[in-house]
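Some notes on the structure that comes next.
Here is the naming used below: chain letters follow the sequence lines, and residue numbers restart at 1 for every chain.
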Amino acid sequence: METWEEVTFAGYILEPGNAESYKTGDWRSRQKPVINQEKCTFCLLCWIYCPDGAIIRKEGEVEIDYYHCKGCGICAYECPSGAIRMRSEMEGE
Amino acid sequence: MMARKVLALNGDEAAAYAVKQCKPDVIAAYPITPQTIIVERLSDFVADGELDAEFIAVESEHSAMSACIGASAMGARAYTATASQGLALMYEMLFVASSFRLPIVMSVANRALNSPLNIWNDMSDTMGARDCGWIQIYNENSQEVYDFTIQAFRIAEDHRVLLPVMVCHDGFVVSHSTEGVEVLSDGEVDSFLPPRDPVYPLDVEKPVTIGCVGVPEYYPEIKYQQEVATKKSIETIKEILREFNESFGRSYGIVEEYRTDGAEVALLTIGSISGTAKEAVDEMRAEGKPVGLLKLRLFRPFPIEALRKSLSGLKVVGVVDRHISFGSCMGGALNMEVRAALYEMKDRPHVMGFPTGLGGRDIRVEHFLKIIDELLMIAEQDALEEEYKVVGCRGPGCIGP
Ligand code: SF4
Ligand code: SF4
(Lines give C-alpha, C1' and ligand atoms only; values in the text may rest on other atoms or scores of the structure.)
(Ligands and ions follow the chains in the order given, each with its own letter.)
Protein backbone atom coordinates (compact mmCIF):
# COMPACT_ATOMS: atom_id res chain seq x y z
CA MET A 1 0.00 0.00 0.00
CA GLU A 2 1.02 3.62 -0.53
CA THR A 3 3.35 5.44 1.85
CA TRP A 4 2.59 8.96 3.09
CA GLU A 5 4.60 10.29 0.16
CA GLU A 6 2.59 8.24 -2.31
CA VAL A 7 -0.98 8.80 -1.11
CA THR A 8 -2.75 11.59 -2.97
CA PHE A 9 -2.58 15.18 -1.71
CA ALA A 10 -4.58 15.34 1.54
CA GLY A 11 -6.27 12.08 0.57
CA TYR A 12 -8.19 13.65 -2.32
CA ILE A 13 -9.71 11.14 -4.73
CA LEU A 14 -8.56 12.19 -8.16
CA GLU A 15 -10.36 9.64 -10.35
CA PRO A 16 -14.13 9.94 -10.30
CA GLY A 17 -16.37 6.85 -10.13
CA ASN A 18 -13.70 4.60 -8.68
CA ALA A 19 -16.09 3.02 -6.16
CA GLU A 20 -16.53 0.28 -8.72
CA SER A 21 -12.95 -0.83 -8.33
CA TYR A 22 -13.06 -0.68 -4.54
CA LYS A 23 -12.95 -4.26 -3.31
CA THR A 24 -14.72 -4.70 -0.01
CA GLY A 25 -14.31 -8.44 -0.06
CA ASP A 26 -10.92 -8.46 1.61
CA TRP A 27 -12.73 -9.47 4.76
CA ARG A 28 -15.42 -12.08 5.34
CA SER A 29 -16.56 -14.09 8.32
CA ARG A 30 -14.73 -17.37 8.52
CA GLN A 31 -17.17 -19.12 6.23
CA LYS A 32 -18.31 -18.67 2.69
CA PRO A 33 -21.38 -19.85 0.80
CA VAL A 34 -21.01 -22.43 -1.96
CA ILE A 35 -23.87 -23.23 -4.35
CA ASN A 36 -24.71 -26.68 -5.52
CA GLN A 37 -26.12 -25.86 -8.95
CA GLU A 38 -27.75 -29.30 -9.21
CA LYS A 39 -30.04 -28.62 -6.26
CA CYS A 40 -30.73 -24.98 -7.17
CA THR A 41 -34.22 -24.31 -8.57
CA PHE A 42 -33.51 -20.68 -9.46
CA CYS A 43 -36.18 -19.43 -7.07
CA LEU A 44 -34.01 -16.32 -6.38
CA LEU A 45 -34.82 -16.13 -2.66
CA CYS A 46 -31.08 -15.88 -1.94
CA TRP A 47 -30.81 -13.03 -4.44
CA ILE A 48 -33.61 -11.20 -2.59
CA TYR A 49 -32.32 -11.86 0.92
CA CYS A 50 -28.59 -11.26 0.52
CA PRO A 51 -27.98 -7.97 2.41
CA ASP A 52 -24.83 -7.24 0.41
CA GLY A 53 -26.18 -7.82 -3.08
CA ALA A 54 -23.53 -10.49 -3.44
CA ILE A 55 -25.71 -12.97 -5.32
CA ILE A 56 -25.31 -12.46 -9.04
CA ARG A 57 -28.25 -13.44 -11.15
CA LYS A 58 -27.22 -15.14 -14.37
CA GLU A 59 -29.12 -16.90 -17.14
CA GLY A 60 -30.90 -19.74 -15.28
CA GLU A 61 -28.49 -19.83 -12.35
CA VAL A 62 -27.10 -17.79 -9.44
CA GLU A 63 -23.48 -17.11 -8.64
CA ILE A 64 -21.77 -15.61 -5.62
CA ASP A 65 -19.67 -12.46 -5.80
CA TYR A 66 -17.00 -13.30 -3.25
CA TYR A 67 -15.57 -9.75 -3.36
CA HIS A 68 -18.67 -8.43 -1.70
CA CYS A 69 -20.01 -11.46 0.19
CA LYS A 70 -19.54 -11.08 3.94
CA GLY A 71 -20.23 -14.70 4.76
CA CYS A 72 -23.29 -13.99 6.89
CA GLY A 73 -25.02 -17.23 5.87
CA ILE A 74 -28.46 -15.69 5.29
CA CYS A 75 -28.59 -17.11 1.79
CA ALA A 76 -27.91 -20.64 3.05
CA TYR A 77 -30.52 -20.25 5.80
CA GLU A 78 -33.18 -19.00 3.39
CA CYS A 79 -32.55 -21.35 0.48
CA PRO A 80 -35.60 -23.69 0.41
CA SER A 81 -33.71 -26.35 -1.58
CA GLY A 82 -30.65 -26.65 0.63
CA ALA A 83 -28.55 -25.69 -2.37
CA ILE A 84 -26.23 -23.38 -0.43
CA ARG A 85 -23.76 -24.74 2.06
CA MET A 86 -21.56 -22.54 4.26
CA ARG A 87 -18.05 -23.85 4.04
CA SER A 88 -15.12 -22.99 6.25
CA GLU A 89 -12.57 -20.76 4.52
CA MET A 90 -9.96 -23.23 5.74
CA GLU A 91 -11.42 -26.05 3.68
CA GLY A 92 -10.17 -24.67 0.38
CA GLU A 93 -12.13 -24.69 -2.85
CA MET B 1 10.82 56.10 -4.47
CA MET B 2 7.84 58.05 -3.32
CA ALA B 3 7.21 58.03 0.41
CA ARG B 4 4.53 55.55 1.34
CA LYS B 5 1.18 56.58 2.68
CA VAL B 6 0.73 56.48 6.44
CA LEU B 7 -2.86 55.88 7.49
CA ALA B 8 -4.34 56.12 10.97
CA LEU B 9 -5.66 52.61 11.49
CA ASN B 10 -6.48 50.47 14.47
CA GLY B 11 -5.58 46.79 14.37
CA ASP B 12 -8.94 45.72 12.97
CA GLU B 13 -8.88 48.43 10.31
CA ALA B 14 -5.31 47.50 9.40
CA ALA B 15 -6.44 43.91 8.86
CA ALA B 16 -9.42 45.01 6.77
CA TYR B 17 -7.33 47.37 4.68
CA ALA B 18 -4.74 44.67 4.00
CA VAL B 19 -7.44 42.17 3.10
CA LYS B 20 -8.99 44.63 0.66
CA GLN B 21 -5.64 44.97 -1.09
CA CYS B 22 -5.27 41.18 -1.18
CA LYS B 23 -8.50 40.96 -3.19
CA PRO B 24 -10.25 37.93 -1.72
CA ASP B 25 -12.98 36.37 -3.86
CA VAL B 26 -15.09 35.34 -0.89
CA ILE B 27 -15.48 36.78 2.60
CA ALA B 28 -17.75 34.88 4.95
CA ALA B 29 -17.80 36.29 8.43
CA TYR B 30 -19.87 36.91 11.50
CA PRO B 31 -19.21 39.96 13.65
CA ILE B 32 -17.98 39.40 17.19
CA THR B 33 -16.27 41.80 19.58
CA PRO B 34 -13.42 42.77 19.28
CA GLN B 35 -13.14 41.70 15.64
CA THR B 36 -16.34 43.43 14.50
CA ILE B 37 -14.62 46.40 12.89
CA ILE B 38 -12.90 44.09 10.39
CA VAL B 39 -16.21 42.69 9.18
CA GLU B 40 -17.83 46.13 9.11
CA ARG B 41 -15.02 47.67 7.07
CA LEU B 42 -14.91 44.81 4.61
CA SER B 43 -18.65 44.86 4.05
CA ASP B 44 -18.35 48.63 3.45
CA PHE B 45 -15.60 48.05 0.88
CA VAL B 46 -17.76 45.51 -0.93
CA ALA B 47 -20.93 47.64 -0.73
CA ASP B 48 -19.04 50.71 -1.98
CA GLY B 49 -17.62 48.81 -4.91
CA GLU B 50 -14.04 49.18 -3.70
CA LEU B 51 -13.63 45.43 -3.36
CA ASP B 52 -15.03 42.93 -5.84
CA ALA B 53 -15.74 40.04 -3.49
CA GLU B 54 -18.67 37.86 -2.53
CA PHE B 55 -19.56 38.92 1.00
CA ILE B 56 -21.53 36.18 2.72
CA ALA B 57 -23.23 37.38 5.90
CA VAL B 58 -23.50 34.01 7.61
CA GLU B 59 -25.57 33.18 10.69
CA SER B 60 -22.73 31.74 12.77
CA GLU B 61 -18.98 31.23 12.82
CA HIS B 62 -19.39 27.53 12.12
CA SER B 63 -21.06 28.57 8.87
CA ALA B 64 -18.44 31.25 8.22
CA MET B 65 -15.70 28.66 8.25
CA SER B 66 -17.83 26.17 6.31
CA ALA B 67 -18.48 28.75 3.58
CA CYS B 68 -14.79 29.59 3.41
CA ILE B 69 -13.97 25.89 3.11
CA GLY B 70 -16.37 25.48 0.21
CA ALA B 71 -15.10 28.60 -1.52
CA SER B 72 -11.46 27.76 -0.99
CA ALA B 73 -11.94 24.18 -2.14
CA MET B 74 -13.29 25.38 -5.47
CA GLY B 75 -10.25 27.63 -5.93
CA ALA B 76 -11.33 30.99 -4.52
CA ARG B 77 -9.27 33.18 -2.21
CA ALA B 78 -11.31 33.03 1.00
CA TYR B 79 -11.06 35.11 4.15
CA THR B 80 -12.80 35.30 7.50
CA ALA B 81 -12.26 36.86 10.89
CA THR B 82 -13.36 35.95 14.38
CA ALA B 83 -12.56 35.98 18.10
CA SER B 84 -13.15 34.05 21.29
CA GLN B 85 -16.53 32.26 21.34
CA GLY B 86 -16.68 32.59 17.57
CA LEU B 87 -13.46 30.68 17.15
CA ALA B 88 -14.71 28.11 19.63
CA LEU B 89 -17.87 27.64 17.57
CA MET B 90 -15.72 27.12 14.47
CA TYR B 91 -13.60 24.48 16.13
CA GLU B 92 -14.92 21.48 14.22
CA MET B 93 -14.40 23.18 10.87
CA LEU B 94 -10.90 24.41 11.71
CA PHE B 95 -9.64 20.84 11.43
CA VAL B 96 -11.47 20.34 8.16
CA ALA B 97 -9.90 23.46 6.63
CA SER B 98 -6.37 22.40 7.51
CA SER B 99 -6.88 18.74 6.66
CA PHE B 100 -8.22 19.70 3.23
CA ARG B 101 -5.06 21.84 2.96
CA LEU B 102 -7.06 24.95 2.08
CA PRO B 103 -5.23 28.31 2.10
CA ILE B 104 -7.88 30.24 4.04
CA VAL B 105 -6.71 33.32 5.91
CA MET B 106 -8.43 34.27 9.16
CA SER B 107 -7.84 37.24 11.42
CA VAL B 108 -8.40 36.64 15.10
CA ALA B 109 -8.72 39.54 17.51
CA ASN B 110 -7.69 37.60 20.60
CA ARG B 111 -10.26 37.62 23.37
CA ALA B 112 -10.82 35.59 26.52
CA LEU B 113 -13.29 32.73 26.55
CA ASN B 114 -16.39 32.58 28.74
CA SER B 115 -17.15 32.04 31.55
CA PRO B 116 -17.36 34.48 33.27
CA LEU B 117 -18.41 36.49 30.28
CA ASN B 118 -15.49 38.61 29.22
CA ILE B 119 -14.93 40.54 26.02
CA TRP B 120 -11.37 41.60 26.82
CA ASN B 121 -8.05 40.38 25.63
CA ASP B 122 -6.14 37.23 26.37
CA MET B 123 -5.17 34.32 24.14
CA SER B 124 -7.28 31.49 25.47
CA ASP B 125 -9.10 31.39 22.13
CA THR B 126 -6.24 30.80 19.70
CA MET B 127 -4.00 28.97 22.16
CA GLY B 128 -6.82 26.49 22.62
CA ALA B 129 -6.91 26.06 18.85
CA ARG B 130 -3.20 25.42 18.55
CA ASP B 131 -3.58 21.79 17.51
CA CYS B 132 -6.06 22.44 14.68
CA GLY B 133 -3.39 22.35 11.99
CA TRP B 134 -3.43 26.09 11.25
CA ILE B 135 -0.37 28.27 10.98
CA GLN B 136 -0.52 30.87 13.76
CA ILE B 137 1.11 34.30 13.51
CA TYR B 138 0.94 36.72 16.46
CA ASN B 139 1.26 40.49 16.05
CA GLU B 140 2.23 43.29 18.38
CA ASN B 141 0.66 46.36 16.73
CA SER B 142 -1.38 47.61 13.78
CA GLN B 143 1.62 47.80 11.47
CA GLU B 144 2.41 44.16 12.06
CA VAL B 145 -1.23 43.20 11.59
CA TYR B 146 -1.19 44.93 8.22
CA ASP B 147 2.13 43.44 7.07
CA PHE B 148 1.42 39.90 8.20
CA THR B 149 -2.12 39.78 6.83
CA ILE B 150 -0.64 40.33 3.38
CA GLN B 151 2.08 37.76 3.97
CA ALA B 152 -0.48 35.28 5.31
CA PHE B 153 -2.10 34.93 1.88
CA ARG B 154 1.28 34.36 0.21
CA ILE B 155 2.26 31.77 2.82
CA ALA B 156 -1.08 29.96 2.76
CA GLU B 157 -1.28 29.76 -1.03
CA ASP B 158 2.34 28.76 -1.64
CA HIS B 159 2.21 25.29 -3.18
CA ARG B 160 4.83 24.07 -0.73
CA VAL B 161 2.56 25.07 2.15
CA LEU B 162 -1.17 25.01 1.28
CA LEU B 163 -2.35 25.47 4.85
CA PRO B 164 -4.76 27.90 6.48
CA VAL B 165 -3.27 30.78 8.45
CA MET B 166 -4.53 32.55 11.57
CA VAL B 167 -3.28 36.11 11.88
CA CYS B 168 -3.74 37.08 15.52
CA HIS B 169 -3.77 40.44 17.23
CA ASP B 170 -4.78 41.30 20.76
CA GLY B 171 -8.35 42.42 21.26
CA PHE B 172 -8.78 46.14 22.11
CA VAL B 173 -5.10 46.68 22.93
CA VAL B 174 -4.39 46.32 19.21
CA SER B 175 -7.79 45.89 17.58
CA HIS B 176 -9.13 49.24 18.84
CA SER B 177 -5.93 51.29 19.19
CA THR B 178 -5.35 53.68 16.35
CA GLU B 179 -1.76 54.00 15.19
CA GLY B 180 0.05 55.21 12.12
CA VAL B 181 0.38 52.37 9.63
CA GLU B 182 2.63 52.66 6.62
CA VAL B 183 0.64 50.98 3.87
CA LEU B 184 1.89 49.59 0.58
CA SER B 185 0.45 50.76 -2.70
CA ASP B 186 -2.07 48.46 -4.39
CA GLY B 187 0.55 47.82 -7.05
CA GLU B 188 3.12 46.73 -4.48
CA VAL B 189 0.65 44.29 -2.93
CA ASP B 190 -0.25 42.98 -6.40
CA SER B 191 3.38 42.33 -7.24
CA PHE B 192 3.99 40.57 -3.93
CA LEU B 193 0.77 38.55 -4.00
CA PRO B 194 -0.22 37.17 -7.40
CA PRO B 195 -3.74 35.76 -7.86
CA ARG B 196 -4.25 32.35 -6.29
CA ASP B 197 -3.18 29.40 -8.42
CA PRO B 198 -5.29 26.54 -7.06
CA VAL B 199 -3.95 23.00 -7.45
CA TYR B 200 -7.33 21.30 -7.77
CA PRO B 201 -9.82 23.99 -8.80
CA LEU B 202 -13.45 23.07 -9.36
CA ASP B 203 -13.50 21.61 -12.86
CA VAL B 204 -16.36 19.51 -14.21
CA GLU B 205 -13.97 17.86 -16.65
CA LYS B 206 -11.68 16.78 -13.81
CA PRO B 207 -13.81 16.20 -10.74
CA VAL B 208 -12.10 15.32 -7.45
CA THR B 209 -13.52 14.08 -4.17
CA ILE B 210 -12.42 16.04 -1.11
CA GLY B 211 -13.21 14.88 2.38
CA CYS B 212 -13.93 11.22 1.82
CA VAL B 213 -13.64 8.53 4.47
CA GLY B 214 -10.10 7.76 5.58
CA VAL B 215 -10.11 4.20 6.83
CA PRO B 216 -7.40 3.11 9.30
CA GLU B 217 -5.39 1.76 6.35
CA TYR B 218 -5.02 5.33 4.98
CA TYR B 219 -5.63 7.82 7.80
CA PRO B 220 -2.10 7.79 9.29
CA GLU B 221 -0.43 8.34 5.91
CA ILE B 222 -2.71 11.29 5.14
CA LYS B 223 -2.16 12.82 8.59
CA TYR B 224 1.62 12.36 8.50
CA GLN B 225 1.71 14.01 5.09
CA GLN B 226 -0.05 17.00 6.71
CA GLU B 227 2.38 17.01 9.64
CA VAL B 228 5.39 17.03 7.31
CA ALA B 229 3.87 19.89 5.29
CA THR B 230 3.21 21.89 8.47
CA LYS B 231 6.71 21.37 9.85
CA LYS B 232 8.33 22.17 6.52
CA SER B 233 6.25 25.31 6.03
CA ILE B 234 8.59 27.16 8.37
CA GLU B 235 11.24 27.32 5.64
CA THR B 236 8.77 28.85 3.20
CA ILE B 237 7.50 31.26 5.84
CA LYS B 238 11.07 32.45 6.46
CA GLU B 239 11.69 32.81 2.74
CA ILE B 240 8.51 34.87 2.21
CA LEU B 241 9.31 36.97 5.27
CA ARG B 242 12.78 37.70 3.89
CA GLU B 243 11.32 38.72 0.55
CA PHE B 244 8.77 40.97 2.27
CA ASN B 245 11.48 42.58 4.41
CA GLU B 246 13.71 43.22 1.40
CA SER B 247 10.94 44.46 -0.87
CA PHE B 248 9.30 46.83 1.58
CA GLY B 249 12.04 47.83 3.99
CA ARG B 250 10.90 45.92 7.05
CA SER B 251 12.99 43.90 9.51
CA TYR B 252 10.79 41.17 10.90
CA GLY B 253 11.92 37.81 12.20
CA ILE B 254 10.34 34.55 13.30
CA VAL B 255 11.79 35.09 16.76
CA GLU B 256 12.77 38.70 17.36
CA GLU B 257 15.51 39.59 19.81
CA TYR B 258 15.48 42.79 21.82
CA ARG B 259 18.57 43.84 23.81
CA THR B 260 19.74 40.27 24.17
CA ASP B 261 23.43 41.09 23.77
CA GLY B 262 25.09 40.04 26.99
CA ALA B 263 21.75 39.15 28.55
CA GLU B 264 21.68 36.48 31.24
CA VAL B 265 17.95 36.43 31.71
CA ALA B 266 15.25 37.12 29.16
CA LEU B 267 11.52 37.48 28.84
CA LEU B 268 9.85 35.53 26.08
CA THR B 269 6.68 37.27 24.97
CA ILE B 270 4.01 37.00 22.33
CA GLY B 271 1.68 39.69 21.01
CA SER B 272 1.11 43.25 22.15
CA ILE B 273 2.36 42.75 25.68
CA SER B 274 5.86 42.70 24.20
CA GLY B 275 5.79 46.50 24.01
CA THR B 276 5.24 46.90 27.76
CA ALA B 277 7.82 44.22 28.48
CA LYS B 278 10.40 46.09 26.38
CA GLU B 279 9.88 49.17 28.56
CA ALA B 280 10.68 47.08 31.62
CA VAL B 281 13.76 45.66 29.90
CA ASP B 282 14.92 49.21 29.14
CA GLU B 283 14.51 50.24 32.78
CA MET B 284 16.43 47.20 33.98
CA ARG B 285 19.16 47.78 31.40
CA ALA B 286 19.47 51.38 32.62
CA GLU B 287 20.25 49.92 36.03
CA GLY B 288 22.86 47.67 34.44
CA LYS B 289 20.89 44.42 34.80
CA PRO B 290 21.64 41.83 32.08
CA VAL B 291 18.09 41.53 30.77
CA GLY B 292 16.79 40.99 27.24
CA LEU B 293 13.61 39.99 25.47
CA LEU B 294 12.55 37.59 22.76
CA LYS B 295 9.33 38.06 20.89
CA LEU B 296 7.79 35.03 19.30
CA ARG B 297 6.03 35.75 16.04
CA LEU B 298 5.12 32.25 15.01
CA PHE B 299 3.55 29.71 17.34
CA ARG B 300 2.51 27.14 14.70
CA PRO B 301 4.66 25.74 13.27
CA PHE B 302 6.72 26.15 16.41
CA PRO B 303 10.12 27.64 15.51
CA ILE B 304 12.18 25.16 17.49
CA GLU B 305 15.55 25.81 15.87
CA ALA B 306 15.32 29.60 15.94
CA LEU B 307 14.23 29.48 19.54
CA ARG B 308 16.98 27.12 20.64
CA LYS B 309 19.49 29.40 19.01
CA SER B 310 18.10 32.53 20.63
CA LEU B 311 17.81 30.95 24.07
CA SER B 312 21.17 29.21 24.21
CA GLY B 313 23.60 30.95 26.51
CA LEU B 314 20.87 32.43 28.70
CA LYS B 315 20.61 31.44 32.36
CA VAL B 316 16.89 31.99 32.83
CA VAL B 317 13.93 32.56 30.55
CA GLY B 318 10.58 33.88 31.74
CA VAL B 319 7.84 32.79 29.37
CA VAL B 320 4.87 35.13 29.35
CA ASP B 321 1.72 33.24 28.43
CA ARG B 322 -1.59 34.97 27.83
CA HIS B 323 -3.86 32.17 28.99
CA ILE B 324 -3.99 29.22 31.36
CA SER B 325 -3.86 25.67 30.11
CA PHE B 326 -5.85 24.27 33.01
CA GLY B 327 -4.26 21.43 34.86
CA SER B 328 -1.24 21.28 32.58
CA CYS B 329 2.21 21.00 34.10
CA MET B 330 3.42 24.43 33.01
CA GLY B 331 0.58 26.93 33.37
CA GLY B 332 0.37 27.93 29.73
CA ALA B 333 0.89 26.35 26.33
CA LEU B 334 3.78 28.59 25.37
CA ASN B 335 5.71 27.72 28.50
CA MET B 336 5.09 24.01 27.93
CA GLU B 337 6.25 24.25 24.36
CA VAL B 338 9.39 26.24 25.17
CA ARG B 339 10.41 23.86 27.94
CA ALA B 340 9.78 20.86 25.71
CA ALA B 341 11.85 22.41 22.90
CA LEU B 342 14.78 22.99 25.24
CA TYR B 343 14.70 19.66 27.03
CA GLU B 344 17.40 17.94 24.98
CA MET B 345 19.60 21.03 24.80
CA LYS B 346 22.87 21.00 26.70
CA ASP B 347 23.25 23.90 29.16
CA ARG B 348 19.65 24.85 28.74
CA PRO B 349 18.35 27.83 30.68
CA HIS B 350 15.88 27.55 33.54
CA VAL B 351 12.41 28.23 32.20
CA MET B 352 9.63 29.69 34.30
CA GLY B 353 6.14 30.54 33.08
CA PHE B 354 4.11 33.65 33.85
CA PRO B 355 0.50 33.40 32.67
CA THR B 356 -0.43 37.05 32.49
CA GLY B 357 -3.12 39.53 31.63
CA LEU B 358 -6.03 37.12 31.81
CA GLY B 359 -9.37 38.45 30.60
CA GLY B 360 -7.89 41.87 29.84
CA ARG B 361 -6.28 42.48 33.24
CA ASP B 362 -3.96 45.41 32.67
CA ILE B 363 -0.33 44.36 32.87
CA ARG B 364 2.03 47.24 33.39
CA VAL B 365 5.76 47.82 33.45
CA GLU B 366 5.80 47.20 37.25
CA HIS B 367 4.53 43.67 36.69
CA PHE B 368 7.36 42.95 34.31
CA LEU B 369 9.88 44.46 36.72
CA LYS B 370 8.64 41.96 39.32
CA ILE B 371 8.92 39.12 36.83
CA ILE B 372 12.46 40.16 35.93
CA ASP B 373 13.40 40.35 39.63
CA GLU B 374 12.19 36.79 39.98
CA LEU B 375 14.24 35.72 36.94
CA LEU B 376 17.38 37.40 38.29
CA MET B 377 16.89 35.59 41.60
CA ILE B 378 16.60 32.25 39.82
CA ALA B 379 19.78 33.06 37.91
CA GLU B 380 21.59 33.81 41.16
CA GLN B 381 20.39 30.67 42.92
CA ASP B 382 20.70 28.56 39.76
CA ALA B 383 17.49 26.83 40.81
CA LEU B 384 13.82 27.05 40.02
CA GLU B 385 11.25 26.65 42.75
CA GLU B 386 8.04 26.82 40.77
CA GLU B 387 7.26 26.02 37.15
CA TYR B 388 4.94 28.99 36.83
CA LYS B 389 3.28 31.80 38.67
CA VAL B 390 0.22 33.76 37.53
CA VAL B 391 0.85 37.49 37.19
CA GLY B 392 -1.93 40.03 37.65
CA CYS B 393 -4.07 38.15 40.14
CA ARG B 394 -4.84 38.87 43.77
CA GLY B 395 -4.09 36.29 46.42
CA PRO B 396 -1.48 33.82 47.58
CA GLY B 397 0.76 32.18 45.00
CA CYS B 398 0.30 34.97 42.45
CA ILE B 399 2.06 38.16 41.53
CA GLY B 400 -0.71 40.74 41.77
CA PRO B 401 -2.83 42.70 41.55
S1 SF4 C 1 -23.32 -15.36 2.90
FE2 SF4 C 1 -24.47 -13.47 3.26
S3 SF4 C 1 -23.37 -11.99 2.10
FE4 SF4 C 1 -22.66 -13.90 1.33
S5 SF4 C 1 -23.98 -14.33 -0.38
FE6 SF4 C 1 -24.92 -15.29 1.38
S7 SF4 C 1 -26.38 -13.80 2.13
FE8 SF4 C 1 -24.96 -12.71 0.76
S1 SF4 D 1 -32.38 -19.73 -2.77
FE2 SF4 D 1 -31.41 -21.66 -3.20
S3 SF4 D 1 -32.66 -22.54 -4.76
FE4 SF4 D 1 -33.24 -20.43 -4.70
S5 SF4 D 1 -31.94 -19.51 -6.23
FE6 SF4 D 1 -30.83 -19.34 -4.35
S7 SF4 D 1 -29.54 -21.14 -4.30
FE8 SF4 D 1 -31.07 -21.46 -5.84
So do [Y] and [X] actually touch side chain to side chain, heavy atoms under 4.5 Å?
{"X": "A:I84", "Y": "A:C46", "result": "yes"}
{"X": "A:Y49", "Y": "A:C72", "result": "no"}
{"X": "B:L296", "Y": "B:L334", "result": "yes"}

Please state whether the side chain, the backbone, both or neither of B:V199 comes within less than 4.5 Å of a heavy atom of chain A.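 Looking at B:V199, nothing touches chain A.
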
Whether the side chain of A:D52 engages the backbone of A:A54 through a donor-acceptor N/O pair (distance < 3.5 Å, no angle test) should be reported.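 Such a contact is absent between A:D52 side chain and A:A54 backbone.
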
Counting N and O atoms only, with roles assigned by atom type, does the side chain of A:R87 sit under 3.5 Å from a partner on the main chain of A:V34, one being a donor and the other an acceptor?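 The answer is no, because no donor-acceptor pair under 3.5 Å joins these two groups.
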
Hey, is OH on A:Y77 packed in by over 12 heavy atoms from elsewhere, all under 6.0 Å?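 Count not over threshold, so no.
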
Produce the donor-acceptor pair table for chain A versus chain B, cut-off under 3.5 Å.
unit_1 : atom_1 : unit_2 : atom_2 : d
A:E2   : OE1    : B:Y218 : OH     : 2.9
A:W4   : O      : B:Q225 : NE2    : 3.3
A:V7   : O      : B:Q225 : NE2    : 3.3
A:A10  : N      : B:Q225 : OE1    : 2.8
A:Y12  : OH     : B:F100 : O      : 2.6
A:I13  : N      : B:T209 : O      : 2.9
A:I13  : O      : B:T209 : N      : 2.8

